[in-house]
Amino acid sequence: MSKSALPTTQPAGAPPTPAAPRPVGGALEYFRQRSRDLAPLTVLVVLSIFFTLAAPSAFPTLENWRNILAQVASLAVVSTGVTFVLLLGEIDLSIASMATMTGVIATMLYEGAKFDFGFTSLELQLPMVPSVLLAWLFALALGAVSGFVATRIGIPTFMATLAMLQITDGIALYWTKGSIKYKIPPILTTLGSDYLGPLPIIILVAAVVLLLGHLVLTQTRFGRYVYMTGSSREAAELSGINTRNIVLACFALSAFLAGMAGMLNVGRLGSAQAYGLSDMLLDSIASVVLGGTSLFGGEGGIPNTIIGLLIFGVLNNGLNLVQVDIYLKPWVRGLILLLALIINVYALRLRTRGNR
Amino acid sequence: MGHAVATEPVLELRGVSKRFGGAQALADLDFDLRPGEIHGLLGENGAGKSTLVKILAGVHGEYEGEMRLRGQPIRFASPAEAKAAGIGMVYQELSLFKPLSVAENIFSSNPPLRAGGLVDWQRLYREAREHLHDLGLDLDEKIPVGTLPVGVQQLVEIARVLFSGAQVIILDEPTSALSPPEAERLFAFMRRLRDQGRSLILITHFIEDALRVADRVTVLKNGRRVATLEAASATQDDIIRLMIGEDARILQRTYQEERAQLHESRRGAVVLQVRGLTRQGFFEDVSFDLREGEILGLYGYVGAGHSEVAQVLFGVRQADRGEIVLDGRPVQISSPARAKQLGFAYVPENRRTALQLRVELYKNISLAHLSGLTGWLLKPRRELAIARQQIQQLGIRPPNPLLPVGSLSGGNQQKALLAKWLVKRPRVLLLVEPTRGMDVGAKDEVLEIILRLREQGVAVLLISSEPETIIANSDRILVMSHGRVTKEFADEEVTKAALLRYA
């Protein structure tokens with residue numbers, strides 16, 4: 001077909017022809033495109049400098065940084081799962097109670113206990129490895145239930161996982177009857193509170209989980225589908241991707257990692273009980289979002305989550321070191337979280353403006 | 001009909017012109033609306049119908065020429081001003097609050113209040129009931145609007161516009177979503193309003209409807225008024241001839257062709273058989289065969305149900321009845337994933353929802369057939385190579401696989417969408433409005449790609465509401481109207497006028 005230059009008029013009803021794509025380039029454009037990653041990094045650096053100046057003898061030491069890392073280690077494990085869920089543009093409110101429940105069940109199975117199912121009850125005492133695995137699989141299964149309810153029945157994940165929060169909370173409470181369990185599977189104690197040389201093993205565990213999460217998200221087909229489902233579910237669906245399975249898998253993974261974090265925490269604290277991890281929910285979602293992963297899905301990733309975790313750790317640690325009134329701490333944390341969220345939304349807007 | 005006594009017009013346009021950038025939407029247009037008249041407004045897509053009514057309804061305040069309302073020059077700066085002057089617009093997408101009752105909808109902007117600012121519910125229901133009664137509508141005013149059939153919702157919408165004091169009512173394609181009995185009910189209602197002395201403007205694609213219900217019709221073409229006729233003395237063929245005009249023949253680009261000779265010659269084996277396919281409320285009893293290396297055109301007006309056929313074939317929606325046979329085997333298409341597996345590819349009419357706009361071009365191209373390109377682990381180099389190859393073959397510009405697809409022009413986005421499905425050659429390609437809203441060059445390029453696929457033996461279902469696109473590119477044509485196939489053109493000469501007659 002020849003391309004003649006025949007002049008034509010655009011019909012009035014037709015949408016206007018989109019403008020030619022804007023040229024890419026320039027330092028400003030680069031920063032705008034990277035604003036989602038650079039803004040959190042800046043926050044981390046600024047906070048670190050601030051606390052270094054405010055507590056020069058206590059904050060910038062190797063030992064203190066080791067503390068910071070150890071403090072966020074189990075949080076890092078949950079947050080890896082939360083990253084998957086937020087990348088879909090969904091939310092999982094059940095992670096903290098899932099973590100608590102898994103820790104409790106693993107300990108009870110190992111210690112030996114009576115599990116009451118209402119219609120029947122079961123006396124169980126298992127060796128270490130089956131105890132841990134069984135508890136872990138239980139978490140995985142409940143996560144899959146959340147995902148199933150959300151995708152096949154169509155309940156918004158906010159509500160589905162809120163129900164799961166209650167269910168897992170309830171299971172932990174009912175089986176422990178509020179008691180504290182001390183006979184912990186030794187492997188959990190090893191992973192949770194032992195050292196490898198100068199380094200707490202829990203930090204290594206967290207690092208491995210983060211690394212695996214990163215590899216899955218960036219190097220596998222599944223990871224690509226997670227990003228695409230989060231970026232536009234409709235477009236992913238129209239490309240013949242079974243997005244419901246992707247969502248279901250991410251909720252199972254989120255519960256699986258929450259369960260792992262819960263068990264690590266049991267090992268770290270030396271006891272299991274039905275209370276005590278409720279902070280984990282807000283802390284992990286806050287960390288992921290602080291790192292710049294979009295609340296609306298499709299953008300962000302594990303590197304962002306690592307930055308977010310560090311911001312969170314530095315903030316908590318630093319506020320302790322500069323001796324902020326303990327009653328003031330939640331207030332300051334809330335304020336900083338709000339600020340970070342504003343930055344998050346603003347960064348998204350900057351990028352979107354660049355692309356449309 | 002005798003209602004339109006030759007009196008002073010309610011509303012009059014004199015020498016109105018309107019430009020959008022370089023495009024002349026209306027040129028030196030005269031128009032008049034009499035009191036107690038139903039006035040049909042006809043013309044092809046882009047003839048200027050919607051621009052005209054948007055000027056009347058105050059949406060466009062900037063134009064050359066003059067508007068007179070009951071003899072007085074007037075210019076509306078906003079829709080609110082037009083509304084205050086008694087001009088009401090009923091849009092295609094109804095603007096009703098579905099969960100609220102009929103009465104609440106009628107009073108949505110100014111409910112009657114009691115002292116203290118609380119809503120006076122008794123008065124609201126009473127006045128709504130009286131108003132509906134005056135209009136001859138027998139409706140329960142307390143029933144939620146969303147539970148009513150679409151046709152009745154339309155009547156509620158009109159009642160609402162009237163209640164706000166409108167004397168001139170503009171209806172934009174009110175029947176496209178209505179069944180024939182519902183349309184009849186609407187027409188009866190329109191006649192009753194006319195007999196009460198109100199004036200109505202009816203924009204429609206359905207020439208027959210306009211001739212039946214209107215007193216006069218005005219035909220627009222390329223932003224100009226071609227003619228205003230007494231409806232009683234005009235025929236459908238007259239109107240079609242006026243709408244298309246003679247000068248169109250001069251334009252020789254393929255997509256603007258008026259007629260074409262259809263050939264049977266290039267048919268291969270039957271790939272897809274569709275039998276009695278029905279999705280209630282959208283289309284009924286649709287049957288056809290599609291062969292290798294054939295482009296089957298499916299034409300109809302917007303809302304005729306043809307684009308929903310593609311949705312069902314790709315598993316986006318489910319059929320209520322009917323059979324789909326692929327390569328001789330009956331298949332269930334339960335999801336897009338299943339459709340893809342069977343060898344279907346789908347380019348929907350809204351391309352922006354089918355692309356990951358913020359995501360790089362190459363990831364968009366590789367997405368649909370990612371499992372064929374890579375294993376569990378991604379192979380970015382292979383992905384990029386395939387993307388580059390597609391970019392080159394389809395001529396996507398700029399040819400940078402790392403750009404977000406949302407930054408490309410509309411035509412290039414469409415090519416990207418095609419590229420995604422051409423990574424692995426599909427058995428059946430479902431195309432809905434593949435060239436809509438594109439400039440001439442981009443249209444040509446996209447159509448050329450489609451013709452190339454036909455040469456390679458792909459079975460193409462080309463679905464469009466643009467007769468030119470269908471005529472110029474199809475081997476065979478089915479026309480759909482109100483959800484049913486009304487005509488098949490094969491092995492014969494087909495003209496645009498013929499298509500319009502069956503739509």
Side-chain angles (χ1 to χ4, degrees), chain A residues 1-24 29 33 36 215-225 227-246 294 296-299 348 351-356, chain B residues 18 20-26 45-51 222-223 251 253-254 314 316 335-341 346 348 353-359 363-364 367-368 370-371 374-378 398 400 403-404 406-411 413 420 436-442 444 448:
Chain A
M1 249 178 256
S2 67
K3 306 265 170 357
S4 81
L6 205 137
T8 51
T9 45
Q10 183 102 8
T17 323
R22 53 164 61 233
V24 196
E29 184 60 30
Q33 290 298 322
R36 173 169 297 288
L215 291 178
V216 168
L217 276 176
T218 56
Q219 305 298 318
T220 70
R221 204 166 70 203
F222 173 73
R224 174 71 60 79
Y225 287 166
Y227 275 102
M228 292 300 183
T229 302
S231 165
S232 165
R233 183 145 326 170
E234 188 179 359
E237 191 79 37
L238 287 176
S239 300
I241 294 170
N242 199 330
T243 57
R244 295 196 289 187
N245 289 353
I246 303 294
S294 167
F296 309 105
E299 294 192 18
L348 178 72
R351 270 210 57 179
T352 320
R353 205 181 302 151
N355 292 344
R356 300 259 164 98
Chain B
K18 170 82 187 165
F20 293 105
Q24 186 89 37
L26 290 180
N45 290 334
K49 294 173 306 213
S50 46
T51 311
N222 295 337
L251 299 167
R253 313 288 300 182
T254 46
F314 199 67
V316 179
S335 68
R338 176 75 184 132
K340 177 173 81 175
Q341 208 179 25
Y346 176 46
T353 63
L355 288 168
Q356 305 276 358
L357 293 171
R358 284 178 294 165
V359 175
K363 289 184 187 170
N364 271 283
L367 184 57
L370 201 56
S371 51
T374 64
W376 280 107
L377 289 181
L378 295 173
N400 180 353
L403 280 181
S407 70
L408 304 182
S409 70
Q413 286 183 14
K420 169 158 98 173
R436 188 162 67 187
M438 287 183 199
D439 61 40
V440 178
D444 261 358
E448 216 176 317

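The model shown is predicted, which means the values in this text are computed figures rather than measured ones. No hydrogens, no waters, no symmetry mates; every other heavy atom, side chains included, goes into these values. Labels below follow one simple rule: chain letters A, B, ... track the order of the sequence lines, proteins then strands, and each chain is numbered from 1.
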Spacing of NZ belonging to B:Lys420 relative to CG belonging to A:Leu238, to within rounding of 0.5 Å = 7.0 Å
Can you say whether A:Thr218 sits under 4.5 Å from chain B via the side chain, the backbone, both, or neither, judging by heavy atoms?
-> backbone
Side chain, backbone, both or neither: which part of B:Ala339 has a non-hydrogen atom closer than 4.5 Å to chain A?
-> neither
One should read off an interatomic distance between A:Glu234 CD and B:Gln356 CD, to the nearest 0.5 angstrom, of 10.5 Å
Largest heavy-atom contact set with chain A, pairs under 4.5 Å, which of B:Ala368, B:Ser371, B:Gly375 = B:Ser371
Report the residues that fulfil ring pair (Phe, Tyr, Trp, His ring centres under 6.0 Å) with B:Tyr346, sequence neighbours left out, ordered by chain and then residue number.
-> B:Phe314
Which portion of B:Ser335 sits near chain A, non-hydrogen atoms under 4.5 angstrom = neither
If one checks every heavy atom of A:Tyr227 against chain B at 4.5 Å, the contacting part turns out to be neither
Please identify each residue that fulfils side chain to side chain contact (heavy atoms under 4.5 Å, CB included) with A:Thr220, with sequence neighbours left out.
-> A:Val216, A:Phe222, B:Leu377
Separation between CG of B:Leu378 and CZ of A:Arg224, rounded to the nearest 0.5 Å | 5.0 Å
With a 4.5 angstrom heavy-atom cut-off, could you sort out which part of B:Lys49 is near chain A: side chain, backbone, both or neither?
-> neither
Where do A:Ile241 and B:Lys340 come nearest, in terms of heavy atoms and distance?
-> N-NZ, 4.4 Å
Which of the residues A:Ser231, A:Ser239, A:Gly223 is involved in the greatest number of heavy-atom pairs with chain B at under 4.5 angstrom?
-> A:Ser239
From B:Lys363 NZ over to A:Met228 CE, what is the distance, rounded to the nearest 0.5 angstrom?
-> 6.0 Å
